[in-house]
2 protein chains.
Amino acid sequence: MNDKKRILLVEDDPNFGIILRDFLKMNDYDIVLAKNGMEGFEKFKKYDFHLCILDVMMPYKDGFTLAGEIKEVNQDMPLIFLTAKSLKEDVLKGYKIGADDYLKKPFDSDVLLYKIKAILKRNKLSAVLDTEEFEFKFSSFEFNSKLRHLKFKDNNHVKLSPKENMLLKMLILHKNDLMPRELALTRIWRDDNYFTSRSMDVYIAKLRKQLELDPNVKINNIHGEGFRLVID
Amino acid sequence: MNDKKRILLVEDDPNFGIILRDFLKMNDYDIVLAKNGMEGFEKFKKYDFHLCILDVMMPYKDGFTLAGEIKEVNQDMPLIFLTAKSLKEDVLKGYKIGADDYLKKPFDSDVLLYKIKAILKRNKLSAVLDTEEFEFKFSSFEFNSKLRHLKFKDNNHVKLSPKENMLLKMLILHKNDLMPRELALTRIWRDDNYFTSRSMDVYIAKLRKQLELDPNVKINNIHGEGFRLVID
DNA sequence: AGCATATGTTAACGATAGGTTAAATTAATT
DNA sequence: AATTAATTTAACCTATCGTTAACATATGCT
């Protein structure tokens with residue numbers, strides 16, 4: 001259960017990078033060091049990280065560009081930027097991309113440790129929702145979220161659209177429990193406003209239509225909170 | 001659903017405090033300003049906040065001491081410290097207490113806004129997932145405050161409205177003991193006046209109707225003080 | 001007892017959230 | 001470019017929720 005947290009460290013200054021890597025390793029983290037944005041993104045795709053620490057100023061691909069690419073793959077990946085300058089626009093740019101924190105070089109290593117700890121702690125929760133599982137059985141249905149196939153008993157499968165698919169998966173991951181509206185909106189729609197919310201309602205209706213083949217499966221609403229996939 | 005986020009701002013410099021309060025108000029937050037740690041804690045207990053912004057250096061009670069008291073009442077209250085100095089020990093002390101962020105004066109107001117937004121965003125989600133107790137049994141009832149379900153013996157559950165739900169939860173947390181009127185009003189209604197008080201009475205009546213299935217459970221009034229959930 | 005105030009209870013109303021279908025728009029394929 | 005799939009927006013309707021008014025009863029005080 002207590003395996004080490006994996007951190008991707010992207011830093012072009014080799015001296016500083018290696019020192020920092022070793023310091024973090026001593027503090028019980030698994031570190032992968034990349035020396036520029038290109039390499040950083042390759043390694044990001046290759047391994048599964050809990051946190052990325054990115055230097056902002058790097059040749060070939062700067063930290064912001066890399067951050068954008070990372071967020072495209074995984075919106076919830078926690079990011080810490082390291083930077084020599086602390087220009088207002090840069091700081092704002094970082095937060096806009098979704099930085100969890102920002103450290104100006106030279107920084108104190110203990111402060112970095114605390115920030116890492118704090119960020120990993122609060123992100124533990126959302127990690128629960130990221131699952132590689134893609135085959136699900138519930139009541140008389142079989143659902144493959146990779147193929148986006150939903151099958152009832154011996155019927156042919158029906159194909160689900162990407163949004164239907166993600167929504168059903170989230171409901172299943174919370175089965176018999178509340179799936180907060182807001183969670184689906186921020187995860188699937190990436191925005192939480194009146195229109196995305198209504199769009200989600202439309203998808204709930206579509207899923208209900210698919211699921212009504214089975215009287216033991218229902219999607220209930222909890223007013224103002226979210227939905228609940230009930231399986232008898 | 002879209003009510004403003006409430007922020008407690010504790011800042012001893014009146015000029016700065018008022019400017020900051022107005023700036024945040026303009027950005028659609030509900031701000032309560034306190035001018036020292038004492039007042040800050042009083043107001044913290046009285047209202048229900050989503051975030052506290054604390055100046056570190058204040059007379060009578062400094063920001064760290066106040067933070068400790070706040071965390072004692074609510075471990076998950078997000079905190080941002082404001083400070084003129086950026087001594088390493090201070091920063092670390094702040095993170096140890098559980099600061100979510102740290103801003104060195106003078107700070108850029110846009111950066112503050114981004115930090116507030118980021119902190120509130122992640123706290124909204126984790127609040128749903130957190131380990132807070134939500135299943136209760138008392139006499140012949142089972143109560144799930146996450147799903148807002150109240151079940152009597154083998155009957156089907158009845159659904160509770162958000163206010164019924166919160167009120168019942170508060171009564172249970174004080175079972176066989178006084179639940180002060182004022183506490184429910186400030187926590188649930190977020191205001192204490194004639195009308196909210198009458199509204200609360202209406203909800204007490206609604207709960208009584210739900211609970212009358214079980215003769216061993218009663219909600220008693222303590223005149224002028226509050227209510228008591230009595231379980232034989 | 002007589003009064004002021006607090007509480008008990010019900011019903012009506014307006015505001016907002018959700019259910020559903022269809023049309024309009026956008027994105028993906030062919 | 002044409003066709004199809006996916007998604008959003010609009011429209012209309014129902015359900016839920018909270019507040020408030022109205023009237024009744026209880027409590028504490030002088």
Side-chain angles (χ1 to χ4, degrees), chain A residues 72 145 147-150 157-171 178-185 187-212 218-230, chain B residues 1-4 145 147-150 157-171 178-212 218-230:
Chain A
E72 228 168 85
S145 67
L147 300 173
R148 307 207 312 254
H149 285 175
L150 178 63
H157 66 251
V158 293
K159 290 184 270 187
L160 299 182
S161 85
K163 288 241 156 80
E164 289 174 308
N165 187 61
M166 285 190 272
L167 189 54
L168 179 55
K169 185 172 174 182
M170 289 201 72
L171 285 165
L178 171 67
M179 198 261 329
R181 229 191 151 74
E182 200 218 326
L183 187 67
L185 288 172
R187 290 236 150 194
I188 302 177
W189 276 264
R190 278 144 194 239
D191 194 8
D192 180 353
N193 62 47
Y194 172 77
F195 289 109
T196 53
S197 190
R198 291 323 322 272
S199 188
M200 174 171 163
D201 291 333
V202 171
Y203 277 89
I204 289 288
K206 289 181 184 184
L207 286 180
R208 281 191 176 123
K209 201 163 270 177
Q210 298 291 352
L211 299 177
E212 74 189 0
K218 277 183 291 292
I219 298 176
N220 289 343
N221 174 254
I222 296 168
H223 196 92
E225 299 289 335
F227 295 93
R228 177 169 172 251
L229 180 69
V230 183
Chain B
M1 150 118 204
N2 230 344
D3 49 347
K4 296 181 184 177
S145 68
L147 300 175
R148 306 205 315 250
H149 286 173
L150 178 63
H157 65 251
V158 293
K159 294 189 266 184
L160 300 182
S161 86
K163 287 246 155 78
E164 290 173 309
N165 187 61
M166 287 191 271
L167 189 54
L168 179 54
K169 188 172 171 181
M170 288 202 77
L171 286 164
L178 171 69
M179 197 256 338
R181 231 190 150 74
E182 198 213 341
L183 185 68
L185 288 172
T186 56
R187 284 275 162 87
I188 302 177
W189 275 264
R190 285 166 186 161
D191 195 6
D192 180 352
N193 63 46
Y194 172 76
F195 289 110
T196 53
S197 189
R198 294 319 328 272
S199 189
M200 174 172 163
D201 291 332
V202 171
Y203 277 90
I204 289 288
K206 289 181 184 182
L207 285 181
R208 282 192 176 121
K209 198 166 273 177
Q210 298 293 352
L211 298 177
E212 74 190 0
K218 276 183 291 291
I219 299 176
N220 290 341
N221 175 255
I222 296 164
H223 196 89
E225 299 291 331
F227 294 92
R228 190 156 76 115
L229 179 69
V230 183

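Just so it is clear: chains get the letters A, B, ... in the order the sequence lines come, proteins before strands, and each one is counted from 1. Nothing here was measured: the structure is a model prediction, and the numbers come from that model.
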Rounded distance (Å) that lies between atom [atom2] of [N] and atom [atom1] of [X]:
X: A:I219; N: C:dG18; atom1: CD1; atom2: P; result: 14 Å
X: B:N221; N: D:dT27; atom1: CG; atom2: P; result: 9 Å
X: A:F227; N: C:dG18; atom1: CZ; atom2: P; result: 6 Å
X: B:E182; N: C:dT7; atom1: CD; atom2: P; result: 13 Å
X: A:R228; N: C:dG19; atom1: CZ; atom2: P; result: 14 Å
X: A:L167; N: D:dT7; atom1: CG; atom2: P; result: 11 Å
X: A:I204; N: D:dA15; atom1: CD1; atom2: P; result: 19 Å
X: A:L160; N: D:dT7; atom1: CG; atom2: P; result: 11 Å

Can you name the nearest heavy-atom pair linking [X] to [Y], along with the distance?
X: A:A184; Y: A:M170; result: CA-SD, 3.9 Å
X: A:R181; Y: A:N221; result: NH1-ND2, 4.5 Å
X: A:I219; Y: A:L207; result: CD1-CB, 3.9 Å
X: B:L183; Y: B:T186; result: O-OG1, 3.2 Å

When you measure from the side-chain N and O atoms of [X] to the phosphate of [N], is any distance below 4.0 Å, counting only OP1 and OP2?
X: A:K209; N: C:dT21; result: yes
X: B:R148; N: D:dC17; result: yes
X: B:R181; N: C:dA6; result: no

request  = Identify, between B:N220 and A:I222, the residue whose nearest nucleotide on DNA chain C lies closer to the 5' end.
outcome  =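 Closest to the 5' end, via its nearest nucleotide, is B:N220.
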message = What verdict does the side chain to side chain contact (heavy atoms under 4.5 Å, CB included) test give for A:F227 and A:D201, after you've listed the backbone C-alpha separation in whole Å, the side-chain angles of each residue and the deciding distance to 0.1 Å?
response = CA-CA 10 Å; A:F227 295 93; A:D201 291 333; 3.7 Å; yes
query = Is it true that atom NZ of B:K159 has more than 12 heavy atoms of other residues, nucleotides or ligands lying nearer than 6.0 Å?
reply =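 Open.
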ask   = Just by modelled atom types, is the A:E164 backbone N or O under 3.5 Å from a matching donor or acceptor in the A:R148 side chain?
value =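 Here the side-chain-to-backbone pair does not exist.
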key: Heavy-atom donor-acceptor pair, A:N165 side chain to A:S145 backbone, under 3.5 Å   =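 At least one qualifying donor-acceptor pair exists.
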message = Between B:M179 and B:L229, is the side chain to side chain contact (heavy atoms under 4.5 Å, CB included) condition met? List the steps.
response = CA-CA 8 Å; B:M179 197 256 338; B:L229 179 69; over 6 Å; no
Terminal helix-axis angle for the helix from C:dA1-D:dT30 to C:dT30-D:dA1, with five pairs defining each axis and rounding to 10 degrees =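 Comparing the axis at each end, I get an angle of 40°.
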ask   = A:D201 near the nucleic acid: base, sugar-phosphate alone, or nothing, with a heavy-atom cut-off under 4.0 Å?
value =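 Result for A:D201 = base.
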inquiry  = Output one letter per nucleotide in nucleotides 18-26 of chain D: B when a protein non-hydrogen atom lies under 4.0 Å from the base, S when only the sugar-phosphate is that close, - when neither is.
reply    = BBBSB----
